[in-house]
Amino acid sequence: MSQEPTPQELPVTTVQRLADTSLPTRHGTFRMTAYRDGTGEEHLVLSVGITETDPPTATPPLVRVHSECLTGDALGSRRCDCGEQLQHALHLVAREGCGALVYVRGHEGRGIGLVEKLRAYALQDAGLDTVDANLELGHPADARTYDQTAAMLADLGVHRIRLLSSNPAKEEALTALGVEVVARQALIMPARPENEHYLRTKRDRMGHDRVAAGEWHLLLAGTVPTAGVLAERYGDLVRPGGPAVVAQLGQSLDGFIASRTGDARFVTGEEDREHLHRLRALVDAVVVGATTAAADDARLTVRAVAGQHPVRVVLDPRGVLPADATMLVDGTAPTVWVVGPSVPVPEHLAPHVEVVVWPEEGAMEPVAVLALLRDRGLGRVLVEGGGRLVSAFVRAGVVDRLYLTTAPLLIGDGVPGLRVAGADRLDDALRPPVRRWVLGEDVVTEFDLTGAEPVLLRSVGEDEQVDVVDPRGETA
């Protein structure tokens, strides 16, 4: 990366390095370098694993050139995908261990400025798309230039890059400025109702990459797309030899999955429920405790996304699930009702329900439950709840991935979520590898428990189990 450019490759704009420091973020700690270009505009580069002395044969770093977008980056606007692209790019660069995010100021609204962008928004509200709105205001469809970007990369000794962008025009502009783009990796965010038209315009009128063959549909077919946020989150779950048992739990910041009356609608937000439905669609069976199924009248089907319904498995050692529960009367998906040996079973059940009588009274051991499911060809399993059931499966050491979603609310008292035995020393606490991402107001932490030793969890007493049906409750 230290190879000097030839004179014709030199950027036409010069920049001055003003500051060099570090920036700790939730994605990791970056080197943060500040620049000012010849017009007086100030820019930033967040980098990791890049030094000015790297040899020319070094692997080209992963580089995202991110245009300033106050509304998306700072205010969380859903009219665009900029904020989501910014955070996902930082995550990818940090994970790569060698890369940079160039944050280019003066690019607001594709170079027309903040106020003009808001005026363009008003025209879009009246029916114009983002291109025609800019043209109506007398601006180019895209007024951005990348001279300053090439100059900043050159100052850092970077002349060959792998570009993280879905915009081919950005690659062409950097190439013309002497930056060798050895590869370009698409950065495609899932569409929302608020920005679907905007993203379509970028694809149809500005040449941005399209979602390759439907990213989610590729995952459903067992193929991992080469790029995309869904591939990043769920790709491991469909790879051969990937996690066989995953668990998911949504809880408050103080560790409860429901109030003390059993009200659990809803602890986490809509985006987390979509995430849960994606997990359901990628497994063969979903396992839930009978108390949770009864309290929420759970359906355990896939509704928020495309996909097949998993086989529903209810563990009911004490006969808590009522005969009129939705899963027992609604034949949308096959249901396996596992009951204790002394539980009376109604004579006439719907044909989609298979009753399995457990050979012993008391708790159903997770290892034996998974063996029961494998015998039925159900090898990929989601353990969904409640807190006691997820805790028991983690305690048994059979969970490969745990998705723990925390919501920004304090319940104070209620039905506990995940409970781990207390450790006298922090060195003894379980610290598996983790990834995190934000879903609306919630934070998902993915724990990689593959190969982890079974851990002792605090036993949740019978008095903490809720056996009442909340008439307002309905599982997501």
Side-chain angles (χ1 to χ4, degrees), residues 24-29 48 87-88 90-97 219 224 229-257 267-268 272 275-276 278-280 282-283 286-289 365-367 369-370 379-408 416-439 442-460:
T25 75
R26 62 185 177 88
H27 306 287
T29 300
V48 59
Q87 295 302 320
H88 194 54
L90 288 172
H91 164 71
L92 293 177
V93 169
R95 188 189 66 174
E96 187 78 13
L219 288 167
V224 182
V229 65
L230 297 182
E232 175 71 21
R233 291 177 183 172
Y234 306 109
D236 284 351
L237 302 186
V238 303
R239 288 189 177 96
V245 181
V246 298
Q248 191 274 348
L249 202 61
Q251 63 184 44
S252 63
L253 281 176
D254 54 351
F256 296 98
I257 61 174
V267 175
T268 59
D272 182 58
H275 160 63
L276 173 59
R278 292 193 189 279
L279 293 178
R280 289 178 184 171
L282 294 175
V283 299
V286 56
V287 180
V288 68
E365 289 300 322
V367 173
V369 171
L370 294 175
R380 189 172 290 163
V381 177
L382 167 64
V383 183
E384 188 169 316
R388 296 180 63 187
L389 186 71
V390 171
S391 297
F393 272 73
V394 173
R395 177 181 64 215
V398 297
V399 175
D400 300 312
R401 296 287 171 87
L402 169 64
Y403 297 89
L404 187 65
T405 302
T406 50
L418 189 69
R419 288 296 184 265
V420 181
D424 293 331
R425 293 168 46 85
L426 290 181
D427 288 344
D428 298 328
L430 186 63
R431 293 179 185 270
V434 299
R435 298 191 304 169
R436 296 183 182 87
W437 63 82
V438 177
L439 293 178
D442 306 325
V443 177
V444 178
T445 303
E446 177 193 14
F447 295 86
D448 185 352
L449 301 179
T450 307
E453 294 293 329
V455 294
L456 294 177
L457 302 188
R458 181 174 73 85
S459 176
V460 180

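Here the structure is a predicted model, which means the values were calculated and not measured.
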> List in chain and number order the residues that pass side-chain contact (heavy atoms from CB on, under 4.5 Å) with Thr445, two or more places apart in sequence or in another chain; answer none if no residue qualifies.
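Partners of Thr445 by the side-chain contact (heavy atoms from CB on, under 4.5 Å) criterion, ordered by chain and then number, come out as Val434, Arg436, Val443, Phe447.
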
> Would you say that Val245 contacts Leu370 through its side chain, given a criterion of any heavy-atom pair below 4.5 Å between the two side chains?
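Side chain of Val245 against side chain of Leu370, heavy atoms only: contact under 4.5 Å found.
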
> Suppose we screen for side-chain contact (heavy atoms from CB on, under 4.5 Å). Which residues come up paired with Ala94, at least two apart in sequence or across chains?
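Only His27, Phe30 meet the side-chain contact (heavy atoms from CB on, under 4.5 Å) criterion with Ala94.
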
> Measuring only between side-chain heavy atoms, which start at C-beta, is His275 closer than 4.5 Å to Thr268?
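Counting from C-beta outward, His275 and Thr268 never come under 4.5 Å.
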
> Would you say Val390 and Val399 make side-chain contact, with heavy atoms under 4.5 Å?
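When only atoms from C-beta onward are counted, Val399 and Val390 do not touch, as no gap falls below 4.5 Å.
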
> Taking the side chain as every heavy atom from C-beta outward, state whether Ser252 and Thr406 have any pair of such atoms under 4.5 Å apart.
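Contact flag for Ser252/Thr406 side chains = no.
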
> Please report the shortest heavy-atom distance between Phe256 and Val267, naming the atom on each side.
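Shortest heavy-atom separation between Phe256 and Val267 comes out as O-CG1, 4.3 Å.
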
> Please evaluate residues Leu219 and Leu230 with respect to the criterion side-chain contact (heavy atoms from CB on, under 4.5 Å), reporting the C-alpha separation (whole Å), side-chain torsions for both, the decisive distance (0.1 Å), and the verdict.
CA-CA 8 Å; Leu219 288 167; Leu230 297 182; 3.9 Å; yes

> Might you point out which heavy atoms bring Val283 and Arg380 nearest each other, and give the distance in Å?
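Minimum heavy-atom contact is CB-O, 3.4 Å.
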
> Within the structure provided, determine whether Leu404 and Leu249 are in side-chain contact (heavy-atom separation under 4.5 Å).
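Result yes, sub-4.5 Å side-chain heavy-atom pair found.
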
> Is the closest side-chain heavy-atom distance between Asp272 and Gln248 below 4.5 Å?
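Yes, side chains in contact.
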
> If you compare all heavy atoms of Ile257 against all heavy atoms of Gly417, which two are closest, and at what distance to 0.1 Å?
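So the minimum-distance heavy-atom pair works out to CG2-CA, 3.6 Å.
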
> Can you name the residues that form a side-chain hydrogen bond (donor to acceptor under 3.5 Å, both in side chains) with Glu446, not counting sequence neighbours?
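So Glu446 forms a side-chain hydrogen bond (donor to acceptor under 3.5 Å, both in side chains) with Arg401, Tyr403, Arg435.
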
> Can you name the closest pair of heavy atoms from Val398 and Pro366 and give their distance?
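Between these two residues, the closest heavy atoms are CG2-CB, 4.1 Å.
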
> For Gly255, is there any backbone N or O sitting under 3.5 Å from a side-chain donor or acceptor partner on Arg419?
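Yes, Arg419 side chain to Gly255 backbone: donor-acceptor pair under 3.5 Å.
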
> Where do Arg431 and Leu426 land on the side-chain contact (heavy atoms from CB on, under 4.5 Å) test, with the steps shown first?
CA-CA 10 Å; Arg431 293 179 185 270; Leu426 290 181; 4.0 Å; yes

> Using the test side-chain contact (heavy atoms from CB on, under 4.5 Å), find all partners of Arg425 that sit at least two apart in sequence or belong to another chain.
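With neighbours one apart ignored, the set is Asp427, Asp428.
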
> Is there a side-chain contact between Val438 and Gln87, using heavy atoms and a 4.5 Å cut-off?
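Not in contact.
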
> So which pairs with a foot in residues 239-249 pass salt bridge (Lys or Arg N to Asp or Glu O under 4.0 Å), sequence neighbours left out?
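For residues 239-249, and leaving out neighbouring residues, the salt bridge (Lys or Arg N to Asp or Glu O under 4.0 Å) pairs sorted by first residue read Asp236-Arg239.
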
> Do Val286 and Leu279 come close enough that some side-chain heavy atom pair is under 4.5 Å?
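A side-chain contact under 4.5 Å is absent here.
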
> Would you name the heavy atoms of Gly235 and Val224 that are closest together and state the gap between them?
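Nearest pair, atom of Gly235 first, then Val224: O-CG2, 3.5 Å.
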
> Among residues at least two apart in sequence or on other chains, which ones pass side-chain contact (heavy atoms from CB on, under 4.5 Å) with Arg233?
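Only Val229, Trp437, Leu439 meet the side-chain contact (heavy atoms from CB on, under 4.5 Å) criterion with Arg233.
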
